[in-house]
Amino acid sequence: EPEVTQTPSHQVTQMGQEVILRCVPISNHLYFYWYRQILGQKVEFLVSFYNNEISEKSEIFDDQFSVERPDGSNFTLKIRSTKLEDSAMYFCASSDRSGRQYFGPGTRLTVT
Amino acid sequence: AQSVTQLDSQVPVFEEAPVELRCNYSSSVSVYLFWYVQYPNQGLQLLLKYLSGSTLVKGINGFEAEFNKSQTSFHLRKPSVHISDTAEYFCAVSDNQGAQKLVFGQGTRLTINP
């Protein structure tokens, strides 16, 4: 089965630093997403991306967050100035038009 | 906007017993429904999905779920669980307008006792 990959698996950063989380979606997919899961809580939608622009974002996705698809394969999430409350597992997902989203294994972000 | 309620935060069952994990949703539009499983320290794996057609859907690992539109429910069932089914289970909904965001429930931790 095709896979979404994410790097790094674990990122530790200091408060106020910028981080970039990377994802390689499934190659023929058109829709891309970022979700996060704070420890012990439910998975929350952050942003969706289609046709090289954001199609929807949640209230969590404020000006500190940005997404980019810099080439034909990568999809990145940047947090400009991390806060302690950004510590979470971040999942990337991609889908075709069927509605099924394939999730990556996640990046655990720890902000100290 | 959609929302999902998983009524049980934890469900302990004995091995080989049947299990039902409950999920209710609310939405003003037609929806797609999903169950995902998360094993410890791993990502989300799709168990099964309802997009249209038969209201009884079968997924991987012997799980099935039934879409009940009148009760706005999508409960997950397995007739006989194994130790390896110990995991967190998430119900999710999206509207059916193309590939839309998923809205997840709080999750149900299924613990299988020997």
Side-chain angles (χ1 to χ4, degrees), chain A residues 1-10 21 23-26 28-51 54-61 67 88-108 110, chain B residues 1-10 21 23-25 27 29-53 57 59-61 65 67 74 87-109:
Chain A
E1 183 164 270
E3 287 185 343
V4 175
T5 60
Q6 291 185 242
T7 55
S9 57
H10 191 191
L21 310 183
C23 169
V24 179
I26 294 169
N28 62 342
H29 283 183
L30 303 173
Y31 301 85
F32 313 106
Y33 311 82
W34 284 101
Y35 294 82
R36 79 171 186 190
Q37 183 182 30
I38 295 172
L39 186 64
Q41 299 185 23
K42 68 178 178 180
V43 178
E44 300 173 289
F45 168 77
L46 290 178
V47 65
S48 58
F49 192 85
Y50 170 69
N51 201 24
I54 291 173
S55 48
E56 188 173 358
K57 60 183 180 179
S58 72
E59 61 274 12
I60 302 168
F61 194 88
V67 289
M89 183 74 92
Y90 288 81
F91 293 105
C92 173
S94 69
S95 74
D96 55 20
R97 296 183 192 280
S98 73
R100 175 181 175 177
Q101 294 183 25
Y102 292 76
F103 282 78
T107 293
R108 182 171 298 283
T110 302
Chain B
Q2 292 98 28
S3 67
V4 177
T5 301
Q6 290 182 244
L7 296 164
D8 306 298
S9 59
Q10 295 187 58
L21 306 184
C23 172
N24 287 88
Y25 71 92
S27 176
V29 299
S30 296
V31 296
Y32 295 156
L33 293 155
F34 306 83
W35 275 97
Y36 284 85
V37 60
Q38 185 179 34
Y39 297 104
N41 300 312
Q42 293 189 28
L44 296 164
Q45 181 181 1
L46 181 68
L47 270 180
L48 48 79
K49 62 185 185 291
Y50 171 79
L51 303 181
S52 65
V57 292
I60 62 172
N61 301 341
F67 171 55
F74 191 56
E88 189 91 15
Y89 291 80
F90 292 95
C91 182
V93 63
S94 72
D95 67 40
N96 65 356
Q97 304 301 311
Q100 298 296 318
K101 69 178 183 186
L102 290 170
V103 175
F104 285 86
Q106 294 281 9
T108 297
R109 183 172 300 278

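Numbered from 1 within each chain, the chains take letters A, B, ... in sequence-line order.
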Contact part of [X] toward chain A, heavy-atom cut-off under 4.5 Å: side chain, backbone, both or neither?
{"X": "B:Leu51", "result": "side chain"}
{"X": "B:Leu102", "result": "both"}
{"X": "B:Gln38", "result": "side chain"}

Closest approach of B:Leu33 to B:Val31 (non-hydrogen atoms, all atoms of both residues):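 Result for this residue pair: CG-CG2, 4.0 Å.
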Heavy-atom proximity to chain B below 4.5 Å, by part of A:Gln37: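 The side chain, not the backbone.
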Which portion of A:Tyr50 sits near chain B, non-hydrogen atoms under 4.5 angstrom: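 Neither part.
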Over 12 foreign heavy atoms within 6.0 Å of NZ, A:Lys42: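 Enclosed.
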Among A:Phe103, A:Phe91, A:Phe61, A:Tyr90, the one residue meeting ring-ring contact (aromatic ring centres under 6.0 Å, His included) with A:Tyr35: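 Filter result, single survivor: A:Phe103.
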Residues in side-chain hydrogen bond (donor to acceptor under 3.5 Å, both in side chains) contact with A:Glu56, at least two apart in sequence or another chain: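 Expected list: B:Lys101.
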Contacts of type side-chain hydrogen bond (donor to acceptor under 3.5 Å, both in side chains), residue A:Thr107, not counting sequence neighbours: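 A:Thr107 satisfies side-chain hydrogen bond (donor to acceptor under 3.5 Å, both in side chains) with no residue once adjacent residues are dropped.
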Among A:Ala93, A:Pro105, A:Ser55, A:Ser58, residue most engaged with chain B (heavy-atom pairs, under 4.5 Å):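 Answer, by heavy-atom pair count under 4.5 Å with chain B: A:Pro105.
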